[in-house]
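Take a look at the structure set out below.
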Protein chains: 2
Amino acid sequence: MSRIITDLKEKISSGQSVAGTRLPSEAALTRTYSVSRTVVREAIAVLRAEGLVEARKGSGVFVLDAVEPPRQPFADLDIDRVASAIELLELRSAVEIRSAGLAAARRSALQLEVLIGLHRGLAKRVAAGEPTRDADFEFHYAIAEATQNQRFAEFLSAIRPGIVPRTVLGQDAADPKLKAPNPHLVEEHEQILDAIMDGDPAAAEAAMKAHLDNSLARYRAFLRNPEG
Amino acid sequence: MSRIITDLKEKISSGQSVAGTRLPSEAALTRTYSVSRTVVREAIAVLRAEGLVEARKGSGVFVLDAVEPPRQPFADLDIDRVASAIELLELRSAVEIRSAGLAAARRSALQLEVLIGLHRGLAKRVAAGEPTRDADFEFHYAIAEATQNQRFAEFLSAIRPGIVPRTVLGQDAADPKLKAPNPHLVEEHEQILDAIMDGDPAAAEAAMKAHLDNSLARYRAFLRNPEG
DNA sequence: GCCGAAAATTCATCATACGTATTGACGCAA
DNA sequence: TTGCGTCAATACGTATGATGAATTTTCGGC
């Protein structure tokens, strides 16, 4: 069944069937795929539900113009391509540096407590030699939340797939060199946190810039010398 | 047919059927909706294709955990809410200021020409009293492209719906006061363009900051005194 | 109470049939 | 030749019955 759906979709998206084209009739599909009409109809029902085709009774099934679904931004990142990671980091820096500054100026007492808690948790993980990617992200996310502008947090959520790679079942294709934790992670976060505690936007921005520039430098070093 | 699909979807999403719940059997659905098995099966085929349910032969059709489809970021903006526009502008500033700086440092000769052309076009529109929203966006977009980092342009594309409101057929709900063009638009763009031409990142960032701060100020003024 | 076989249930697919809408061909008249 | 009406062929929508395969339930024997 899924074979038929896949096949028909392929024919549609590959442009073999432009908008307005008529699909083969149910009877014809029955013959070409050697299945019953039930199966053919269920396959077409799926295509219809997805808005790919339109069935006109007595006439046939017709391909509709593909309404380009709004593409998920930042979803095409090839996390294994270092250049791609650098691109995203550059964009992220722009946002996060401002984010740190705004957080220093606006954070609530409660948000400050959350940040401190997250920072301690991350320090513990580092000390224990556990993975830090998620905890790291949470710290940055909490800073974005402390800006009191939800768009900053929303931005981080949107690019998260490009920051925190989904480990593929059993094997992670990312280069282990790149996964080595930043040795100064805790100190750098500490300086950001201190500046936010002090309510010093300039210092917070500087600390965040230093933190992200450090990552950028590590990526670039890897690009220059992948074996190093 | 669509009635059954809608109904079943509603039952699933409304939480009446949590993950693991069994849907009524085909025979039962046939009775409750007074349709044939054909129709019921086609409806279920659609739900299956959408990953909402899983059919186990001999056992039944079971609801799956709803895999939260990745929400389109920045798509929930209520452009008529000034506070929402301010939020987005604040985020956008962080990106665009850096964007201007990078563009000044990296723009190619061709990109510079494009920028100059777009700027002239915008100036003409202003002189002619024509709408400038799209041309304005294009100028900013071209700057993002001149960073040589596609993520900056991608970011602008993603938030565009929140910047350039789609005028609803016949009537635009946005307040006319907010739609009044920035009286210094051309001059401000000119300063940004000059800095990019000069290859002066600091000046470009300052000019972009001034430009966006101006918008921000106008929004805030409107918030304080909507009638002004 | 436990176990295993039989029965009932349920989805997957096939085949046939009827209704309705559309299309195209044919024939007839102007 | 052109235009029009009728009718048959085609195609989708739905209904129904039957078979197969996998699972669940029931129930009898121990």
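Residue numbers start from 1 in every chain, and the chains themselves are labelled A, B, ... in the order their sequence lines are given, proteins ahead of strands.
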Quick check on contacts: within residues 24-41 of chain B, what sits under 4.0 Å from DNA chain D by heavy-atom distance? B/S34, B/V35, B/S36, B/R37, B/T38, B/V39
Can you list, pair by pair, the side-chain donor-acceptor contacts under 3.5 Å of residues 49-58 of chain A, counting residues two or more places apart and other chains?
| unit_1 | atom_1 | unit_2 | atom_2 | d |
| --- | --- | --- | --- | --- |
| A/E50 | OE1 | A/K9 | NZ | 3.1 |
| A/E50 | OE2 | A/K9 | NZ | 3.3 |
| A/E54 | OE1 | A/R56 | NE | 3.4 |

Suppose we screen for salt bridge (charged side-chain N to carboxylate O under 4.0 Å, His left out). Which residues come up paired with B/R125, at least two apart in sequence or across chains? B/E130
Students should find that the nucleotides of DNA chain C closing off the region near chain B, any atom under 4.0 angstrom from a heavy atom, are C/dT9 to C/dT13
Return the set of residues passing side-chain contact (heavy atoms from CB on, under 4.5 Å) with A/D7 (not counting sequence neighbours), or none when no residue passes. A/K11, A/Y33
The side chain to side chain donor-acceptor pair (under 3.5 Å) partners of A/D136 (sequence neighbours excluded) come to A/H140, A/H189
Those residues that, when tested against A/R106, pass salt bridge (charged side-chain N to carboxylate O under 4.0 Å, His left out) (two or more places apart): B/E90
Report the residue (A/E42 or B/G60) whose heavy-atom-nearest nucleotide on DNA chain C is the more 5′ of the two. B/G60
With sequence neighbours excluded, what pairs up with B/F152 under the ring pair (Phe, Tyr, Trp, His ring centres under 6.0 Å) test? none
Considering residues at least two apart in sequence or located in another chain, which fulfil the salt bridge (charged side-chain N to carboxylate O under 4.0 Å, His left out) criterion with B/R92? B/E96
Numerically ordered, the residues 47-59 of chain A set in heavy-atom contact under 4.0 Å with DNA chain D is A/R48, A/A55, A/R56, A/K57, A/G58, A/S59
For A/S25, all residues meeting side chain to side chain donor-acceptor pair (under 3.5 Å), sequence neighbours excluded: none
How would you list, by chain and number, every residue that makes a salt bridge (charged side-chain N to carboxylate O under 4.0 Å, His left out) with B/R3, sequence neighbours excluded? none
Beyond-backbone contact of B/H119 with B/V186, side-chain heavy atoms, under 4.5 angstrom: yes
